[in-house]
Trainee: 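The structure is given below, and queries will be raised subsequently.
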Amino acid sequence: MQTDAPARRGRPPRNPRPQTAQAAFGASLYALRASRRISAVELATACGVSPHAVWAWEAGRSRPLAPRIRRLAQALGVAADEMLAELYP
């Protein structure tokens, strides 16, 4: 039996992951940083972490601990409670 669709090789397509609180936090962190025209390196320096940590937070691969959230909020000019509420809904 022939089909119109070409045969697929390799892995099946990945299902998109549902938006988690961690991923939503990362997206809003990126939006805040971009709106203030702060580079990831500058934000990392202000928070006392590596740029890789900032990129991981923004990508939703990890989340910052509470002391880092306070520094993030100060560097971005927002309330830490707002950032915490987004990370822990």
Side-chain angles (χ1 to χ4, degrees):
M1 174 184 260
Q2 289 185 334
T3 61
D4 294 332
R8 294 189 64 115
R9 293 185 185 185
R11 289 195 223 166
R14 291 176 31 185
N15 291 333
R17 293 184 200 173
Q19 182 83 359
T20 63
Q22 189 168 311
F25 175 82
S28 68
L29 176 61
Y30 174 78
L32 279 169
R33 182 177 64 76
S35 71
R36 284 153 176 79
R37 298 180 187 262
I38 299 172
S39 72
V41 174
E42 291 169 332
L43 186 58
T45 301
C47 295
V49 297
S50 70
H52 179 76
V54 173
W55 295 324
W57 298 337
E58 290 178 351
R61 291 190 183 113
S62 67
R63 61 181 177 203
L65 299 175
R68 298 288 183 231
I69 291 176
R70 287 189 200 105
R71 288 184 179 179
L72 279 171
Q74 286 176 341
L76 296 170
V78 297
D81 291 344
E82 292 175 31
M83 296 187 87
L84 284 170
E86 198 164 320
L87 189 54
Y88 300 101

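Along the sequence shown, residues are numbered consecutively beginning with 1. Keep in mind that the numbers below use all heavy atoms, side chains included, and drop hydrogens, waters and symmetry copies. Small disclaimer: the values here were computed from a predicted structure and weren't measured.
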Trainee: Are Val41 and Leu32 linked, directly or through other ILVMFWY residues, by side chains that come within less than 4.5 angstrom of each other?
Mentor: no
Trainee: With a 4.5 Å cut-off on side-chain heavy-atom distances among I, L, V, M, F, W and Y, is there a chain of contacts connecting Trp55 to Ile38?
Mentor: no
Trainee: With a 4.5 Å limit on heavy-atom distance, are the side chains of Leu43 and Leu29 in contact?
Mentor: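 Contact flag for Leu43/Leu29 side chains = yes.
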Trainee: Side chains of residues 21-28: which donor-acceptor partners sit under 3.5 Å, not counting sequence neighbours?
Mentor:
{"residue": "Gln22", "atom": "NE2", "partner": "Gly60", "partner atom": "O", "Å": "3.0"}
{"residue": "Gln22", "atom": "NE2", "partner": "Arg61", "partner atom": "O", "Å": "3.4"}
{"residue": "Ser28", "atom": "OG", "partner": "Ala24", "partner atom": "O", "Å": "3.4"}
{"residue": "Ser28", "atom": "OG", "partner": "Phe25", "partner atom": "O", "Å": "3.0"}
{"residue": "Ser28", "atom": "OG", "partner": "Glu86", "partner atom": "OE2", "Å": "2.3"}

Trainee: Do Tyr30 and Met83 sit in the same hydrophobic cluster, where Ile, Leu, Val, Met, Phe, Trp and Tyr count as joined when their side-chain heavy atoms come under 4.5 Å apart?
Mentor: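 Tyr30 does not cluster with Met83.
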Trainee: Using atom types as modelled, flag every donor-acceptor pair under 3.5 Å from a side chain in residues 66-76 to any protein atom, sequence neighbours excluded.
Mentor:
{"residue": "Arg68", "atom": "NH1", "partner": "Cys47", "partner atom": "O", "Å": "3.3"}
{"residue": "Arg71", "atom": "NH1", "partner": "Cys47", "partner atom": "O", "Å": "3.0"}

Trainee: Any pair with a residue in residues 51-60 that passes salt bridge (charged side-chain N to carboxylate O under 4.0 Å, His left out), sequence neighbours left out, goes on the list, sorted by first then second residue, please.
Mentor: Arg33-Glu58
